[in-house]
J.: 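My questions will all concern the structure given below.
These numbers come from a predicted model, not from an experiment. Protein chains get the first letters and strands the later ones, always in sequence-line order, with residue 1 at the start of each.
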There are 2 protein chains.
Amino acid sequence: MGEKKQQFREFLSRQGLKSTRQREIILDEFLRGDSHLSTEDLYLKLRKKNPGIGYATVYRTLKLFSECGIAEVRNFGDGQTRYESTTCEEHHDHLICKACGAIIEFEDPRIEELQEQVAKDHGFAIVSHRLEIFGHCAKCLYK
Amino acid sequence: MGEKKQQFREFLSRQGLKSTRQREIILDEFLRGDSHLSTEDLYLKLRKKNPGIGYATVYRTLKLFSECGIAEVRNFGDGQTRYESTTCEEHHDHLICKACGAIIEFEDPRIEELQEQVAKDHGFAIVSHRLEIFGHCAKCLYK
DNA sequence: CCATCAATTGAAATTGGTTTTCAATTTAAC
DNA sequence: GTTAAATTGAAAACCAATTTCAATTGATGG
Ligand SMILES: [Mn+2]
Ligand SMILES: [Mn+2]
Ligand SMILES: [Zn+2]
Ligand SMILES: [Zn+2]
């Protein structure tokens, strides 16, 4: 079984929650599909194969994923909350195309290090951060 | 008259819009008060001296400020849109305390430069960006 | 000054994404 | 199996943001 599935089951058990058919289905689709999906995105994908699943269940399950640590919440300013699977990969930030909506991930240790330094200069203890760069992707620029 | 007030009047005239008592009052309060205010924050402050002013007017006027370039829209993830006056100061980013809500501004040319580099590496043209660091401020840490 | 007309205003209604409620159902443990 | 607690889906509620609309106000220019 996938590492993430295992992690979720342990989380449920630890919290006195139950493993259900719906949660399995939602997790499978969440792990398989594209990243940066909104609740609605995922709900619509799920409905195709599982007409019975309710929006509220998808919403609640994604919330559990983030509490469990297998999903991260993103907010790119389009009014939709998005979730992405936390893979074994490191933390990363995003370039977001204002034209086509493409999301490019990047990671720059030098920027991370400078953030630490800035925080330190202000006696500030970092819990999390987000860096989002908006603009136009290569594809959209030369079209 | 303040530079920003002048700038707003010229904007209104250019757009065929009118200068009104309400817009003057809202601009005065916006320029005087704290920064990073939500529409509701500003609305409540205004009501104390000007009971007649409507929420919709505050909302619409703040939108005009941002179109005019004298205000910038901020979204720190608490579900409220905030506005801050664009002073002559440079662009800056934010440290946000999760405990007390304090907002500390900073500016680091080295980070900005690295962002440019990242974008360049991806053939991406930057329009804007935001860097927000969440955590605990010095004051909250030693309390 | 006054007439005119488009812009503005405030209250109330609407929107859209999120979150909660609740009765029926399902799950895990005994 | 029985039982108690957790879960589910539909519908309602929530809430900030946005729009609607009838009444009012500002700018223009006769
Ligand atoms: Mn990502
Ligand atoms: Mn600021
Ligand atoms: Zn693009
Ligand atoms: Zn603090």
Side-chain angles (χ1 to χ4, degrees), chain A residues 8-30 36-68 71 73-83 101, chain B residues 5 8-30 36-68 71-83 101:
Chain A
F8 186 53
R9 287 201 184 166
E10 280 165 16
F11 169 81
L12 290 178
S13 148
R14 198 181 328 127
Q15 305 279 317
L17 304 179
K18 292 173 177 170
S19 183
T20 68
R21 190 177 63 83
Q22 288 90 334
R23 287 177 178 165
E24 289 291 327
I25 292 172
I26 295 170
L27 180 52
D28 282 342
E29 188 61 46
F30 178 67
H36 312 114
L37 261 54
S38 68
T39 311
E40 170 124 49
D41 289 341
L42 187 56
Y43 169 68
L44 292 176
K45 286 184 76 174
L46 283 162
R47 289 216 63 144
K48 291 181 186 167
K49 290 190 178 178
N50 310 83
I53 282 188
Y55 183 92
T57 302
V58 177
Y59 162 77
R60 287 183 287 229
T61 304
L62 282 172
K63 199 167 195 173
L64 287 178
F65 290 171
S66 93
E67 287 164 17
C68 161
V73 181
R74 301 287 185 190
N75 230 292
F76 295 145
D78 63 346
Q80 301 250 124
T81 300
R82 296 172 182 285
Y83 293 83
Chain B
K5 296 189 72 168
F8 187 52
R9 289 201 184 166
E10 280 164 16
F11 169 81
L12 290 178
S13 149
R14 198 181 328 125
Q15 305 278 320
L17 304 179
K18 292 172 179 173
S19 184
T20 67
R21 189 177 66 81
Q22 288 89 337
R23 286 177 179 166
E24 289 292 326
I25 291 172
I26 295 170
L27 180 51
D28 281 343
E29 189 61 45
F30 178 67
H36 312 115
L37 261 54
S38 69
T39 310
E40 171 125 47
D41 289 341
L42 187 55
Y43 169 67
L44 292 176
K45 285 185 76 175
L46 282 161
R47 291 216 62 147
K48 291 181 186 167
K49 289 191 178 180
N50 309 85
I53 281 187
Y55 182 91
T57 302
V58 177
Y59 162 77
R60 287 183 286 230
T61 304
L62 282 171
K63 200 166 197 175
L64 286 178
F65 290 171
S66 93
E67 287 164 15
C68 161
E72 283 205 51
V73 180
R74 301 286 186 193
N75 231 291
F76 296 143
D78 62 348
Q80 301 251 125
T81 300
R82 295 172 183 283
Y83 292 84

J.: Whole Å only: how far is the CZ atom of B/Phe8 from the C1' atom of C/dT8?
T.: 12 Å
J.: Which nucleotide sits closest to the side chain of B/Gln22: D/dG9, C/dG10, D/dA17?
T.: C/dG10
J.: Starting the side chain at C-beta, find the nucleotide from C/dA7, C/dT20, C/dT9 nearest to B/Lys18.
T.: C/dA7
J.: Taking all non-hydrogen atoms of both residues into account, name the closest pair between A/Asp41 and A/His36 and its distance.
T.: OD2-O, 4.4 Å
J.: Would you say B/Phe30 and B/Thr61 make side-chain contact, with heavy atoms under 4.5 Å?
T.: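 Side chain of B/Phe30 against side chain of B/Thr61, heavy atoms only: no contact under 4.5 Å found.
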J.: For B/Arg82 and D/dA16, give me the distance from atom CZ to atom C1', rounded to whole Å.
T.: 12 Å
J.: With a 4.0 Å cut-off on heavy atoms, is A/Ser19 in touch with a base, just the backbone sugar-phosphate, or nothing at all?
T.: sugar-phosphate
J.: Looking across every strand, which nucleic acid part, if any, lies under 4.0 Å from B/Arg60 by heavy atom: base, sugar-phosphate, or nothing?
T.: base
J.: Do the ring planes of A/Tyr55 and A/Tyr43 sit parallel (below 30°), tilted (30 to 60°) or perpendicular (above 60°)?
T.: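 It falls in the perpendicular class, over 60°.
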J.: Round to the nearest Å and state the distance from A/Tyr55 atom OH to D/dA10 atom P.
T.: 14 Å
J.: Between D/dT7, C/dG17, D/dA17, which one does the side chain of A/Thr20 approach most closely?
T.: D/dT7
J.: Go through C/dT18, C/dT8, D/dA11 for me and flag the one nearest to the B/Arg23 side chain.
T.: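 Given the options C/dT18, C/dT8, D/dA11, the side chain of B/Arg23 is closest to C/dT8.
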J.: Can you measure A/Tyr83 atom OH to C/dG17 atom P for me and round it to whole angstrom units?
T.: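 Computing the A/Tyr83:OH to C/dG17:P distance gives 14 Å.
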J.: Whether the side chain of B/Arg23 engages the backbone of B/Lys18 through a donor-acceptor N/O pair (distance < 3.5 Å, no angle test) should be reported.
T.: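 Yes, B/Arg23 side chain to B/Lys18 backbone: donor-acceptor pair under 3.5 Å.
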J.: Rounded to whole angstrom units, what separation is found between the CD atom of A/Glu40 and the P atom of C/dT18?
T.: 9 Å
J.: In whole angstrom, give the distance that lies between atom CD of A/Gln15 and atom C1' of C/dA28.
T.: 17 Å
J.: Using whole Å, what does the distance between atom P of nucleotide D/dA17 and atom CG of B/Leu42 come to?
T.: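 So the two atoms are 13 Å apart, to the nearest Å.
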J.: What's the closest nucleotide to the A/Arg21 side chain, out of C/dT27, D/dA10, C/dT8?
T.: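 Given the options C/dT27, D/dA10, C/dT8, the side chain of A/Arg21 is closest to C/dT27.
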J.: Could you pick out which residue, B/Leu17 or B/Tyr59, lies toward the 5' side of DNA chain D when each is mapped onto its nearest nucleotide?
T.: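 The residue closer to the strand's 5' end, by nearest nucleotide, is B/Tyr59.
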J.: What heavy-atom pair brings B/Glu24 and B/Ser19 nearest, and what distance separates the two atoms?
T.: OE2-OG, 3.3 Å
J.: Return no unless some side-chain N or O of A/Thr57 is found under 4.0 Å from OP1 or OP2 of D/dT7.
T.: no
J.: Figure out the CD/P separation between A/Gln80 and C/dT15, and round it to whole Å.
T.: 18 Å
